[in-house]
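As structure tokens, the structure follows; a few thoughts come after it.
Side chains included, hydrogens not; waters and symmetry mates left out as well; all remaining heavy atoms used. These figures come from a predicted structure and were not determined experimentally. Counting begins at 1 with the first residue of the sequence.
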Amino acid sequence: MNLNLSGWAFVLIAAINNSMGSLLLKKSRLVATDSSLLGLLFSPWFIAGLAVYGINVILFAKALEKLPVSTAYPVFAGIGFSLIAVAGGWFFGERLAINQWIGLGMILAGIIIMSR
């Protein structure tokens with residue numbers, strides 16, 4: 001596999017993983033019966049989110065072995081923004097208004113311009 005291609009594959013997988021971690025943290029707060037700090041720390045959804053974030057750090061570090069951080073991170077963040085916006089609406093019924101879609105499009109356009 002081409003070194004750059006494998007770097008971008010790690011960025012994509014890390015962004016998906018990061019989005020999953022955020023969704024797990026959101027779920028941990030939606031199902032919480034105890035809003036205390038200990039209730040948060042011992043929530044299985046929260047623990048799973050932390051584990052996914054830990055894996056994410058490793059994946060993104062692997063991507064940075066092959067790609068410049070000034071290019072990899074904006075792409076990583078853009079994919080993450082997109083996935084979270086859509087997944088938040090899909091899984092949690094969060095509203096995505098036209099201004100949010102426009103803003104997301106502007107962010108992605110900026111990332112494309114910046115990464116070239």
Side-chain angles (χ1 to χ4, degrees):
M1 179 182 272
N2 180 314
L3 288 181
N4 256 359
L5 185 57
S6 67
W8 288 116
F10 277 120
V11 168
L12 176 63
I13 295 167
I16 292 168
N17 208 35
N18 187 58
S19 299
M20 288 179 7
S22 295
L23 294 170
L24 288 167
L25 293 184
K26 174 71 175 182
K27 180 72 173 179
S28 78
R29 298 300 76 217
L30 291 176
V31 300
T33 56
D34 179 8
S35 63
S36 71
L37 182 58
L38 284 177
L40 169 68
L41 293 175
F42 292 115
S43 163
W45 293 103
F46 182 78
I47 294 168
L50 288 180
V52 169
Y53 278 137
I55 294 167
N56 173 57
V57 171
I58 295 166
L59 292 170
F60 193 65
K62 291 298 290 178
L64 293 178
E65 287 178 1
K66 297 165 179 54
L67 301 168
V69 70
S70 61
T71 305
Y73 188 78
V75 172
F76 167 81
I79 293 169
F81 289 153
S82 303
L83 290 174
I84 287 296
V86 172
W90 182 271
F91 291 112
F92 303 120
E94 296 176 352
R95 186 173 160 257
L96 280 173
I98 188 70
N99 62 331
Q100 291 165 310
W101 284 109
I102 292 169
L104 185 58
M106 292 172 69
I107 289 169
L108 294 176
I111 290 167
I112 291 167
I113 292 167
M114 185 178 164
S115 65
R116 294 198 166 255

Ile84 CD1 to Leu104 CG distance, which is reported to the nearest 0.5 Å: 11.5 Å
Smallest separation among heavy atoms of Ala72 and Leu67, with atom names: CB-CB, 4.1 Å
Residues that Lys27 engages under salt bridge (charged side-chain N to carboxylate O under 4.0 Å, His left out), provided they are two or more places apart: none
Connected via hydrophobic side-chain network under 4.5 Å: Ile107 and Leu96: yes
Cluster check Ile112, Leu83: I/L/V/M/F/W/Y, side chain < 4.5 angstrom: no
Check: Trp8 and Thr71 side chains under 4.5 Å, non-hydrogen atoms: yes
Co-membership, hydrophobic cluster, residues Val75 and Leu12, 4.5 Å side-chain: yes
Donor-acceptor contacts under 3.5 Å from residues 14-25 side chains, at least two apart:
{"residue": "Asn17", "atom": "ND2", "partner": "Val52", "partner atom": "O", "Å": "3.0"}
{"residue": "Ser19", "atom": "OG", "partner": "Ala15", "partner atom": "O", "Å": "3.0"}
{"residue": "Ser22", "atom": "OG", "partner": "Asn18", "partner atom": "O", "Å": "3.3"}
{"residue": "Ser22", "atom": "OG", "partner": "Tyr53", "partner atom": "OH", "Å": "2.8"}

hydrophobic_cluster_shared for Ile98 and Val86, side chain cutoff 4.5 Å: no
Nearest-0.5 Å distance, CG of residue Leu40 to CD1 of residue Ile47: 9.5 Å
Minimum heavy-atom distance Pro74-Ile111, with the two atoms named: O-CD1, 3.1 Å
Nearest non-hydrogen partners of Gly7 and Lys66, listed with the distance: N-CD, 3.7 Å
Aromatic plane relationship, Phe60 with Phe76 - under 30° parallel, 30 to 60° tilted, over 60° perpendicular: tilted
Cluster check Phe91, Phe46: I/L/V/M/F/W/Y, side chain < 4.5 angstrom: no
Sequence neighbours excluded - side-chain hydrogen bond (donor to acceptor under 3.5 Å, both in side chains) pairs with any residue from residues 98-113: none
Rounded distance [0.5 Å steps], CG in Leu50 versus CG in Asn56: 12.0 Å
